[in-house]
Amino acid sequence: MSNCIFCRIASGDLPANVVYQNADVTAFRDIHPAAPVHVLIIPNQHIDNICDERAYSSDILGRMFQAANQIAAVEGLAESGYRLLLNYGPDASLSVPHLHLHLLGGRHLGPMVMPA
Ligand code: DGP
């Protein structure tokens, strides 16, 4: 999708700090990092979000998680640990309508959800 920023990053049309890319996925550092390591893993093909049927018509979710785990190891997080996070909808503050997985680590990440 030509007007999707993450499609444009995956195609190389828009600059980003890309840390990993293969035929299926691209991973790049988040522009607003919430942790010392904050990488976004996206499918190269446009998939709107986790409710999009296209997320399930291939093994793209598995490939995204596999890439995330490989990147975590390269980033030195294998022993200290890390968090994989996927937002959907306004309550989760989803802001970019292209499926993406957040890889966060490099410090203690605290509680999974901010207490109410
Ligand atoms: P989410 O809230 O799950 O939709 O997170 C989207 C993330 O994408 C957010 O943490 C900021 C990041 N982001 C948005 N635009 C860009 C961009 O142009 N480049 C990079 N590297 N990250 C972006």
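Both counts, for ligands and for their atoms, begin at 1 and track the order of listing. These values consider heavy atoms only, across backbone and side chains, with no hydrogens, waters or symmetry-generated copies.
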Is the contact between [X] and ligand 1 made by the side chain, the backbone, both, or neither, using heavy atoms and a 4.0 Å cut-off?
{"X": "Phe6", "answer": "side chain"}
{"X": "Leu40", "answer": "side chain"}
{"X": "Leu14", "answer": "neither"}
{"X": "His100", "answer": "side chain"}

### Message
So for Ser93, does at least one of its heavy atoms come nearer than 4.0 angstrom to any atom of ligand 1?
### Response
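The answer is yes, since Ser93 has a heavy atom less than 4.0 Å from ligand 1.
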
### Task
Could you tell me if any non-hydrogen atom of Leu86 lies under 4.0 Å from any atom of ligand 1?
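Heavy atoms of Leu86 never come under 4.0 Å of ligand 1.
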
### Task
Taking only heavy atoms of Ile9 into account, list the atoms of ligand 1 that are under 4.0 Å away from them.
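Checking each atom against Ile9, I get 19 (N).
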
### Query
With a cut-off of 4.0 Å, which atoms of ligand 1 are near a heavy atom of Phe28?
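Counting from 1, the qualifying ligand atoms are 20 (C), 21 (N).
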
### Query
Any side-chain heavy atom of Asn17 within less than 4.5 Å of one from Phe28?
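Side chain of Asn17 against side chain of Phe28, heavy atoms only: no contact under 4.5 Å found.
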
For [atom], which protein heavy atom lies nearest, and how many Å away is it?
{"atom": "atom 4 (O) of ligand 1", "value": "Ser95 N, 2.6 Å"}
{"atom": "atom 9 (C) of ligand 1", "value": "Asp30 OD2, 3.3 Å"}
{"atom": "atom 21 (N) of ligand 1", "value": "Arg29 O, 2.9 Å"}
{"atom": "atom 15 (N) of ligand 1", "value": "Ile5 CD1, 3.4 Å"}

Tell me whether [X] contacts the main-chain N or O of [Y] through its side chain, where contact means a donor paired with an acceptor under 3.5 Å.
{"X": "Tyr88", "Y": "Ser93", "value": "no"}
{"X": "Gln21", "Y": "Ala10", "value": "yes"}
{"X": "Asn44", "Y": "Thr26", "value": "yes"}
{"X": "Arg63", "Y": "Val25", "value": "no"}

Is there at least one pair of N or O atoms, one from [X] and one from ligand 1, spaced under 3.5 Å apart?
{"X": "Asn87", "result": "yes"}
{"X": "Val96", "result": "yes"}
{"X": "His38", "result": "no"}

### Task
For a side chain to side chain contact (heavy atoms under 4.5 Å, CB included) with Leu99, tell me which candidate from Ile41, Leu61, Asp48 qualifies.
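So the option named by the test is Leu61.
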
### Query
Is it the case that more than 12 heavy atoms not belonging to Asp91 sit under 6.0 Å from its CG atom?
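No, the 6.0 Å shell around CG holds no more than 12 heavy atoms from other groups.
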
### Query
With respect to atom 13 (N) of ligand 1, which of Leu94, Leu99, Ile31 exhibits the smallest heavy-atom separation?
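That would be Ile31.
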
### Task
Just jot down the side chain to side chain contact (heavy atoms under 4.5 Å, CB included) partners of Val96, sequence neighbours excluded, or say none.
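Applying side chain to side chain contact (heavy atoms under 4.5 Å, CB included) to Val96 gives Ile5, Phe6, His98, His100.
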
### Query
Same cluster for Phe65 and Leu40 if Ile/Leu/Val/Met/Phe/Trp/Tyr side chains link at under 4.5 Å?
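Result: no, two separate clusters.
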
### Message
Just to verify, what does Tyr82 make a ring pair (Phe, Tyr, Trp, His ring centres under 6.0 Å) with, not counting sequence neighbours?
### Response
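None.
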
